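The next block holds one structure in the form of structure tokens; read it before the comments.
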Amino acid sequence: MDAPGAPAARPLRAWQRSALEQYFDPERDDRGDFLVTATPGAGKTTFALALARRLLDSRRVDRVVVVAPTDHLRTQWAEAAHRAGIQLDPTMSNGVGPVRADMQGYVTTYAQVAGHPMLHRARSTAKRSLVVLDEVHHAGDGLSWGDAVREAFADARRRLSLSGTPFRTKADERIPFVSYVDDDAPESEGGLTSVADFSYGYREALADGVVRPVVFAAYTGTSRWRNSAGEVVAASLTDATTKSVEALAWRTALDPRGDWVPHVIAAMDERLTHLRECGMPDAGGLVLASDQDDARAYAKIVQRVTGEKPVLILSDDPKASKKIADFAAGDQRFAVCVRMVSEGVDVPRAACLAWMTSYRTPLFFAQAVGRVVRSRARGESATVFLPAVRPLLALAAALETDRNHVLAPPPSGDALPDPGELDALPPAEREPGGPSEYEALDAQAEFAHVLHGGRAVVAGGPEPVSAVSADEEDYLGLPGLLSPEQTATLLAQRDEAIRKRTATTRPPREDEDPVAEPVSEGPDEATWHTAALLRKEIHGLVGRVAAGRAMPHASVYAKVRAAVPGPPSASATVEVLRARRDHLLTLV
């Protein structure tokens, strides 16, 4: 049955229906394990919950356990499950014993499983359970995590593993419940590649209109730094001679004290302004930083360049999850973060990404770009601004190759779609490296090229600047409307204006905080959320009774449990908690 007040489940996409058919194919060897690899933004959560609902309804399982990478994703999973009519508790800690009777399961993290695998083994075997391992490659973040996942869930009735892209693993660090084949890539050094039972790639998602096409705008520039010998070195991001020089030029470009970062943020801000004026009034941008210090510095730069405070999202901030949720539902222009929104987090209105980190793995790149490709309407697109360095351009080229297998060439003549069918844009990021005595001096930014079909397309190519009309300029960011040369020309034309803008923007006042004010939390009908609020209310009432009657808190709790029998509050149902709250109100 649907949960009371839960909205109707959304219709399944074609790939989700196909995956369900394959899962329930009577000829499939039902080993209990099933791995789905689906491109970020395609709807893995919806598929997993549709599968869980079908297994619960057919009484093949009685409990659902979801293991997520982060605490924020626990809440996101629970809210999505509530919409699907499944009650999952995202608040259970390792200090709580049984799952509450009014819950159909719970959401935990890989770190919690590693902290007490036998507890999760007991929970997942007490009832026939479906264990969903979200972004299962995290089970390979450390040998202890993989061992804990195996120990906790080896005897679970069914296991569903999810990932945004195929992943590589060392031969001696196999992730539990995943099948592998030898990886022939030169960089794998004899490693293994995951084999999915069902795959849904970016190319297929793009053809189905599930995700937005991505335009990658690469920015070069000259970086200057002082090396350990005291010498001043200058190098271009694009023309770095060696990998070590490239790494230092990249690191210097991302230094908050230089001019590269403000320039790219200004370009992204201009794009957001255009999107908001042309059919996407809530368009938002994400700035990815390498660490918390850079994130704070970038937040100040965003405020200085744009005049608006960004949302600053840091992992050690207790309000981080609420800030993500508020940003996803709000209309703030910018959010600055480290890795909090790089994976799994659902922010459909995010249309711009600034790649200002040195992370360069294919998995992280795909996950991060996936934050801005979730499509909401036909005709949307995403643009990523990134440093013009070889590691990132190679990753972008891989996505571009998939895109160009689907999109038609630019139309001839003046046949252009409706301006309301417009969408998104993203940018760049940074990393440590280099000698211990390294000092960044300055860095300049300059538009380099757009990536198209794996090649760099610069301004002033076969199609001259005069070929780009003002009307066509309004459609920038819709791949297929303008040729690559026209797109590059438009970005180059705006580059000098952006440079002047960043040079004249005011610095923030010292009393200005770059963190946006949190949005007030709205009502939530999910059972787990109601229980959390009741537990908090009971705790406050117990304190008032204890103070008024000069009794220890423990004694008050004991009397309440005697009056309203049942398990401790952490495991009590909503009905029991309400009864205890009402009893306490008679004592105050």
Side-chain angles (χ1 to χ4, degrees), residues 1-9 45 48-68 71 73-109 112-113 116 119-132 156-158 321 521-542 557-558 560-585:
M1 294 179 62
D2 287 340
T45 300
L49 292 171
L51 174 61
R53 184 62 185 270
R54 188 162 169 179
L55 291 172
L56 288 167
D57 289 347
S58 63
R59 301 188 184 280
R60 302 187 200 193
V61 300
D62 306 303
R63 173 169 291 170
V64 177
V65 179
V66 178
V67 186
D71 278 326
L73 291 180
R74 295 175 72 185
T75 301
Q76 187 168 294
W77 267 98
E79 291 172 344
H82 174 66
R83 293 192 293 270
I86 302 173
Q87 297 302 314
L88 302 181
D89 187 350
T91 65
M92 290 190 70
S93 68
N94 285 351
V96 177
V99 179
R100 293 196 350 248
D102 55 353
M103 290 284 108
Q104 293 168 286
Y106 67 100
V107 191
T108 186
T109 65
Q112 284 185 310
V113 172
H116 201 331
L119 170 67
H120 297 277
R121 179 187 181 91
R123 290 174 178 170
S124 62
T125 56
K127 291 186 176 183
R128 295 174 300 175
S129 296
L130 167 68
V131 177
V132 179
R157 180 61 60 93
R158 295 172 183 268
S321 291
E521 186 175 2
D524 192 327
E525 296 176 346
T527 304
W528 66 265
H529 190 270
T530 303
L533 294 176
L534 285 169
R535 285 195 293 269
K536 184 177 181 181
E537 187 176 1
I538 287 170
H539 181 72
L541 290 170
V542 166
Y557 272 114
V560 171
R561 287 188 62 183
V564 184
S569 292
S571 302
T573 64
V574 167
E575 288 72 19
V576 171
L577 293 171
R578 283 201 182 103
R580 289 176 179 172
R581 186 269 315 273
D582 294 344
H583 176 71
L584 281 166
L585 286 172

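Basis for what follows: all heavy atoms, side chains included, without hydrogens, waters or symmetry-related copies. Keep in mind it's a predicted model, so treat the numbers as computed, not measured.
Here the closest non-hydrogen pair linking A52 and V64 is CB-CG2, 3.9 Å. The two atoms that bring A156 and V131 nearest to each other are CB-CG2, 3.6 Å, heavy atoms only.
Atom CD1 of residue I538 and atom CG of residue L577 lie 4.5 Å apart, to the nearest 0.5 angstrom. Here R158 contributes atom CZ and L130 contributes atom CG; the two are 8.0 Å apart, rounded to the nearest 0.5 Å.
Partners of H539 by side-chain hydrogen bond (donor to acceptor under 3.5 Å, both in side chains), not counting sequence neighbours, listed by chain and number: Y557.
Contacts classified as salt bridge (charged side-chain N to carboxylate O under 4.0 Å, His left out) and involving residues 568-581 (residues at least two apart or in different chains) are given here: E537-R581.
With contacts defined as side-chain heavy-atom distances shorter than 4.5 Å, the pair T108/V66 does not qualify. No side-chain heavy atom of S569 sits less than 4.5 Å from a side-chain heavy atom of R561. In this structure, the side chains of L119 and R123 come closer than 4.5 Å at one or more pairs of heavy atoms. Side chains of L585 and D582 form a contact here, defined as non-hydrogen atoms less than 4.5 Å apart.
Judged by distance alone, the side chain of R53 and the main-chain N or O of A84 form a donor-acceptor pair under 3.5 Å. Formation of a donor-acceptor pair under 3.5 Å by the Q104 side chain with backbone atoms of Q87 is found in this model.
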Please tabulate, one pair per line, all N/O donor-acceptor pairs under 3.5 Å involving side-chain atoms of residues 88-100, not counting sequence neighbours.
from : atom 1 : to   : atom 2 : distance (Å)
D89  : OD1    : T91  : N      : 2.8
D89  : OD1    : T91  : OG1    : 2.5
D89  : OD2    : R100 : NH1    : 3.3
T91  : OG1    : R535 : NH2    : 3.4
S93  : OG     : G95  : N      : 3.2
N94  : OD1    : H120 : NE2    : 3.0
N94  : ND2    : Q112 : O      : 2.9
R100 : NE     : D102 : OD1    : 3.2
R100 : NE     : A572 : O      : 2.8
R100 : NH2    : D102 : OD1    : 3.3
R100 : NH2    : D102 : OD2    : 3.4

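Taking the charged nitrogens against the carboxylate oxygens, R74 and D71 do have a contact shorter than 4.0 Å, which makes a salt bridge.
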Inset, instruction - With side chain to side chain contact (heavy atoms under 4.5 Å, CB included) as the test, would you mind laying out the steps for V65 and V132 before giving the verdict? - result: CA-CA 6 Å; V65 179; V132 179; over 6 Å; no

